Amino acid sequence: MKKSQPVHPIVGTVSHATQTELQRLAMMMMQLDMAVAMAREKGLLEAQGTLELALAEARRARDRLLQ
């Protein structure tokens with residue numbers, strides 16, 4: 001009896017052209033969230049505040065797209 005080979009998913013390239021606006025916003029929000037956490041960890045209050053404002057704006061943009 002032959003062992004079955006594991007199925008490997010096809011790896012594709014992700015680019016601006018292959019993503020939807022919602023996917024791009026989700027990626028931006030994830031990056032902003034990580035940056036806020038790093039600024040908070042490093043005690044960079046001004047940077048943290050600016051990043052939190054940018055994250056809030058990205059969330060509002062996402063909410064507008066979802067409506």
Side-chain angles (χ1 to χ4, degrees):
M1 189 176 268
K2 205 177 197 183
K3 282 189 176 179
S4 64
Q5 295 292 325
V7 177
H8 297 287
I10 297 173
V11 177
T13 303
V14 176
S15 69
H16 183 79
T18 63
Q19 289 183 313
T20 66
E21 188 69 22
L22 200 54
Q23 290 170 324
R24 286 190 287 274
L25 274 170
M27 181 64 73
M28 185 185 306
M29 288 169 50
M30 180 185 69
Q31 292 168 339
L32 285 167
D33 193 43
M34 289 187 300
V36 167
M38 289 175 64
R40 186 177 297 130
E41 183 179 289
K42 299 286 184 184
L44 303 171
L45 298 178
E46 188 176 335
Q48 179 184 340
T50 301
L51 290 165
E52 286 173 342
L53 288 173
L55 182 55
E57 180 59 33
R59 286 182 176 141
R60 284 191 293 275
R62 182 200 57 195
D63 291 344
R64 284 191 301 269
L65 276 176
L66 289 173
Q67 290 180 355

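In this text the structure is predicted, and so the values were computed from the model without any measurement.
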Do other residues, nucleotides or ligands put more than 12 heavy atoms under 6.0 Å from the CD atom of Glu21?
-> yes
Identify the two heavy atoms, one from Ala58 and one from Met29, that lie closest to each other, and give their separation to 0.1 Å.
-> CB-CG, 3.6 Å
Straight-line distance of Arg62 CZ to Gln67 CD, nearest 0.5 Å | 11.0 Å
CE (Met28) and CD (Gln31) are apart, to the nearest 0.5 Å, by 8.0 Å
Can you tell me how far CG of Asp33 sits from CZ of Arg59, rounded to the nearest 0.5 angstrom?
-> 6.5 Å
Would you find more than 12 non-hydrogen atoms of other residues, nucleotides or ligands less than 6.0 Å from Met38 atom CE?
-> no
In Å and rounded to the nearest 0.5 Å, what is the CG to OG1 distance from Leu55 to Thr50?
-> 12.5 Å
Which value, rounded to the nearest 0.5 Å, describes the distance between Arg60 atom CZ and Leu25 atom CG?
-> 12.5 Å
Test side chain to side chain contact (heavy atoms under 4.5 Å, CB included) on Glu52 and Arg40 and set out the steps.
-> CA-CA 10 Å; Glu52 286 173 342; Arg40 186 177 297 130; 3.1 Å; yes
Hey, any chance Val36 and Leu44 share a hydrophobic cluster, counting ILVMFWY side chains that come within less than 4.5 Å of each other, even indirectly?
-> no
